[in-house]
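Note that these values count all heavy atoms, side chains included, but never hydrogens, waters or copies made by symmetry. Throughout, protein chains are lettered first and strands after them, A, B, ... in sequence-line order, and every chain is numbered starting at 1.
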2 protein chains.
Amino acid sequence: MDAVPPDQGPEEFGPAHADSVHADSAAGGRRGDTRARIQQVALELFAEHGYERTSLREIAERLGVTKAALYYHFKSKEDIVRSFTEDYFTRLDGLIAWGREQPPTAHTAHEILDRYITIVMEGSEVFRFLERNQASLRGSEDGKHRFEQFRPRLNALIEIITGPDAPPRSRVRVAAALFAASTSCMFFTRDTSDEGEPSTAIDRDELRKIVLELADDLTG
Amino acid sequence: MDAVPPDQGPEEFGPAHADSVHADSAAGGRRGDTRARIQQVALELFAEHGYERTSLREIAERLGVTKAALYYHFKSKEDIVRSFTEDYFTRLDGLIAWGREQPPTAHTAHEILDRYITIVMEGSEVFRFLERNQASLRGSEDGKHRFEQFRPRLNALIEIITGPDAPPRSRVRVAAALFAASTSCMFFTRDTSDEGEPSTAIDRDELRKIVLELADDLTG
DNA sequence: GTCTATAGACGGATAGAC
DNA sequence: GTCTATCCGTCTATAGAC
């Protein structure tokens, strides 16, 4: 608890609809919003090389500043992570809350899958980070927010779609739909990092359509 | 500390403080095969807490030995990883090789999915480790060879099933089948670590059947 | 085969000048 | 808002005794 500089409370990252994590990665200009640049670079490096393997020194170097500067904007390394995962989970929670108020129809199931895919695709970089750093996030003994956030949320979505006490087959198929959707989106979306890859990437809109259809098939 | 008597009956470890060296398949004694015990404990901890967050000291402690002892059996930390991932990838390569010699029929597709699921389920602990440490493995000099080849291997399996130059929709659906199968198996299989979980686990044989059916639906 | 001891490096985080 | 300097912890890995 010291003089908290700018704003460390509620994130001004882009609640609900902002794609704040963009800009050029090539150490270009972009004076002014250092905090956002830190988030962007950190997210990129964490997703590519891993959370633990990426040191604050590395992030600072890439930005042309020093480690100490990062501590002006974030109180710790984990705090940087929280800054860009918060919004993602908030959106997921929003979807869950919405789903719980809907009637348990097939149309609701379709809508949930649709919205879920939207969330994943819009926060693809964050999702990639979460997916690739599961082990690190689990061990994170922050106390504040245990990162066992995946399972509970997935189970929530599954139950909303299948209804309570659904047979194993239904639960597995719905879970598979969610997994297949998100993972496929990652696999066929161009990675920010992997630059010299064969690139099996597929057009976003087409991919979205294919994935949604596939998820529907699984739940139907 | 831990003044470990230089001479303790080779039968029991942890003189006065064995902590929790539980875990250990039945069948015979654990004596003699320290190397295997190291692999087992390391795999478990790497999967649960993450590769980087798990120190050799931690592994050694759990086994009732010292770090130095580990270096007698493995030449480095990464070498431990290699020791238990090697077999997994070899099996995947075997499947790919086998698949390439088969006629491109629907039956072959089914067989590949079936065998793939078998490999994943039998090496579930290793798969879990790989899945949760993707980022770490990517950044690793040694791991790059391993995990960065997860993509190529997946692509290989996809191409075998869809045939060359298949349309995006087919490729995505087959990829989804593979992802859904493996990830679902993990999700509904009791985690070696998570002990106090709600446990949404499902019987192995039943799970296997459900997952295979689902994968077939996706590729069919 | 296992231990003690330690080298050697690097990480996160803080203090205080400017 | 950023920097220099530094503290302190932990880690991998090695050397050499038993």
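Distance, A/Phe74 CZ to D/dT2 C1': 15 Å, rounded to whole Å. Between B/His73 atom NE2 and C/dT2 atom C1' there is a gap of 8 Å when expressed in whole angstrom units.
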Using a 4.0 Å heavy-atom cut-off to protein, can you give one letter per nucleotide of nucleotides 11-18 of chain D, 5' to 3': B if the base is in contact, S if only the sugar-phosphate is, - if neither? SBBBB---

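Checking A/Thr118 against A/Arg208 by side-chain atom types alone, a donor-acceptor pair falls below 3.5 Å.
One finds a side-chain N or O of B/Thr34 lying less than 4.0 angstrom from the OP1 or OP2 phosphate oxygen of C/dT2. Here A/Tyr72 reaches the OP1 or OP2 of D/dG1: one of its side-chain N or O atoms lies under 4.0 Å away. Phosphate proximity of C/dC3 to B/Thr66: present, with a side-chain N or O under 4.0 Å from OP1 or OP2.
Scanning for ring pair (Phe, Tyr, Trp, His ring centres under 6.0 Å) contacts around B/Phe127 gives an empty result, with sequence neighbours left out.
Taking a cutoff of 4.0 Å between a charged side-chain nitrogen and a carboxylate oxygen, A/Arg151 and B/Asp191 do not qualify as a salt bridge. Salt bridge present: B/Arg115 and B/Glu111 bring a charged side-chain N and a carboxylate O closer than 4.0 Å.
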Contacts under 3.5 angstrom, residues 64-72 of chain B side chains, donor-acceptor by atom type, not counting sequence neighbours:
none

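The only member of A/Ile38, A/Leu45, A/Thr54 that meets side-chain contact (heavy atoms from CB on, under 4.5 Å) when paired with A/Arg62 is A/Leu45.
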